Amino acid sequence: MQLNELLTPTLQNHVPFIERDLGDKPWGLDGQLWIAFFGGALPATVIAYLNSRRLHMPWAQGWKIIAAGVIGFCAAVFLATLPRFVVLPAFLTSSSLPLTAAGRLVALLVYLYQRRLQTSALRVYRWYRHSDLASLLGPGLIAIIFLGLLQLLLVDVCAWLIAGNGR
Amino acid sequence: MTTADFAPETASNIALARHFLSINQPQRVLDILSHLNSADLENWEFWYIRGRALYQLDRFDEAFNTAQTGLSKEPEAGPLLYLLCNLYAERDNLAMAETLILKTLRQDPENPVLLCRYAELLGQDNQLDKATRLVNEAARLAPTHPYVAQTRATLAYLQGNDKMVMQHSRKILSDDPEDTYGHYMLGASLSNTGDVQGAEQQFRTAARLDPENPDVTHIAREARFQVHPLLWPLLPAYRLGTIRLWIGAIIIMVALTMLGYSQAASIFAWVYLGYCVYSWVVPPLLRWWLSRQAHK
């Protein structure tokens with residue numbers, strides 16, 4: 001790229017922090033781990049997406065966060081239906097732990113990807129704002145309890161529908 | 001910039017003021033400038049030096065008015081435009097900052113400092129690709145310029161690439177072991193990768209080199225807290241990272257269960273939970289206790 005092209009203005013639409021809604025401080029990334037672990041992909045995605053708006057990330061990044069959440073949710077449905085279609089080895093079906101753990105790992109992978117998307121925007125925010133982050137305790141608990149339960153319900157309904165059609 | 005437009009006695013004072021500016025003694029700059037004649041106030045360089053000193057003292061509103069007064073004397077003065085650009089950037093008014101930096105770049109398009117500063121402004125708006133290309137251009141023009149390495153370190157940090165931050169910071173420190181920014185950035189990247197002890201050393205050195213900088217002294221204090229003996233049990237967790245720790249714990253629990261050691265799995269789960277509770281409870285309690293001690 002020529003130097004002249006690089007010297008074309010691209011900051012003219014920047015909205016100064018002072019003119020933005022200061023009530024919308026972003027959340028940290030570490031706290032989102034617990035939401036993914038205890039709640040699953042759905043609550044983690046909702047929180048990550050809301051955070052992307054608070055960080056004023058481009059829409060494309062927001063869509064990537066949603067896409068990761070949808071993939072994570074589909075993986076959870078897949079894991080829930082797996083025992084109904086495939087005869088799994090005994091050590092996998094002797095307790096619910098292996099499949100539960102697999103579901104948690106899927107949610108953590110979704111979290112890892114969503115974290116990667118938010119990292120840069122959050123660092124820019126912290127570097128230039130020198131500002132504290134919003135607490136994720138309240139929204140996180142609400143997300144885990146309500147959206148986590150919603151995810152359990154939706155996964156069961158989807159698994160039931162798929163298994164019903166499979167018979 | 002020259003001091004040729006000043007009377008000889010004033011010129012020596014201006015030279016002294018510029019010297020104090022370069023060694024980060026802004027208050028002495030203001031003291032020297034306060035003794036100048038009213039005739040000197042017509043020279044834009046006076047306003048530039050005064051504005052820079054106020055900027056270094058974080059008196060941004062006064063610096064802003066000073067720079068604007070200087071520009072009313074000489075609207076095309078590059079250093080004043082650059083100063084005003086930095087002041088707008090401080091207010092996060094990047095549109096105005098960009099307009100001003102581009103104006104100075106039109107005067108001197110191959111100036112690596114201006115290119116790097118523009119890259120930093122873009123970084124402030126998360127336009128990291130364009131910022132990186134600008135720094136590459138600056139590096140092509142002045143490969144060994146210290147500001148190029150500093151800007152590379154900053155952008156790598158904003159991109160979340162801590163390995164690159166370490167690489168650039170070490171390069172800065174190999175050129176100048178007393179560079180505060182190099183120690184600060186190396187400390188920040190070490191902290192992000194879980195090496196809190198290494199980070200504490202770097203921040204401590206940065207604070208020793210620049211004791212007047214509130215950001216550096218604050219982070220050095222914070223880093224000292226992280227290596228408190230009560231937090232030593234958490235050092236492996238910092239080093240490993242939360243996500244790796246949790247995935248490792250899940251794998252161990254599942255493996256023990258699947259191998260038939262259910263009791264060992266539940267003991268491990270309880271021990272691990274205790275460790276997690278320790279990591280959640282002890283740091284805030286310690287912080288509260290230490291701040292209470294400090295206020296006594």
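Proteins get letters first, then strands, A, B, ... in listed order; numbering begins at 1 in each. Predicted, not measured: the structure shown is a model, and the values here were computed from it.
One finds no salt bridge joining B:Arg133 and A:Glu5 here, because no Lys/Arg side-chain nitrogen approaches an Asp/Glu carboxylate oxygen to under 4.0 Å. Taking 4.0 Å as the cut-off between side-chain N and carboxylate O, B:Arg91 and B:Asp61 count as a salt-bridged pair.
Classified by interplanar angle (parallel below 30°, tilted 30° to 60°, perpendicular above 60°), the ring pair B:Tyr147/B:His145 is tilted. B:Trp280 and A:Trp34 have perpendicular rings, their planes meeting at more than 60° on a 0 to 90° scale where under 30° would count as parallel. Between A:Trp127 and B:Tyr157, the ring-plane angle classifies as tilted under the 30° and 60° cut-offs.
The cationic group of A:Arg104 does not satisfy the cation-pi geometry with A:Phe38, failing either the under 6.0 Å distance to the six-membered ring centre or the 45° limit from the ring axis.
Among B:Leu102, B:Thr99, B:Ile101, B:Leu121, the residue making the largest number of heavy-atom pairs under 4.5 Å with chain A is B:Leu102. Interface check for chain A: of the options B:Leu105, B:Asn192, B:Leu128, B:Asn136, the most heavy-atom pairs under 4.5 Å are formed by B:Asn192. Across B:Leu259, B:Asp162, B:Asn161, the residue that shares the most heavy-atom pairs under 4.5 angstrom with chain A is B:Asp162. The candidate from A:Thr8, A:Leu7, A:Thr10 with the greatest count of non-hydrogen atom pairs under 4.5 Å with chain B is A:Thr10.
A donor-acceptor contact under 3.5 angstrom links the side chains of B:Asp92 and A:His14, judged on distance only. Donor-acceptor pairing under 3.5 Å is recorded for the side chains of A:Gln118 and A:Gln32.
Contact of A:Leu122 with chain B is not made at all, since no heavy-atom distance falls under 4.5 Å. B:Leu134 touches chain A through backbone and side chain together, each having a heavy atom under 4.5 Å away.
Residues of residues 64-78 of chain A lying within less than 4.5 angstrom of chain B, judged on heavy atoms, are absent.
Between B:Phe64 and B:Tyr88, the distance separating the two ring centers is shorter than 6.0 angstrom.
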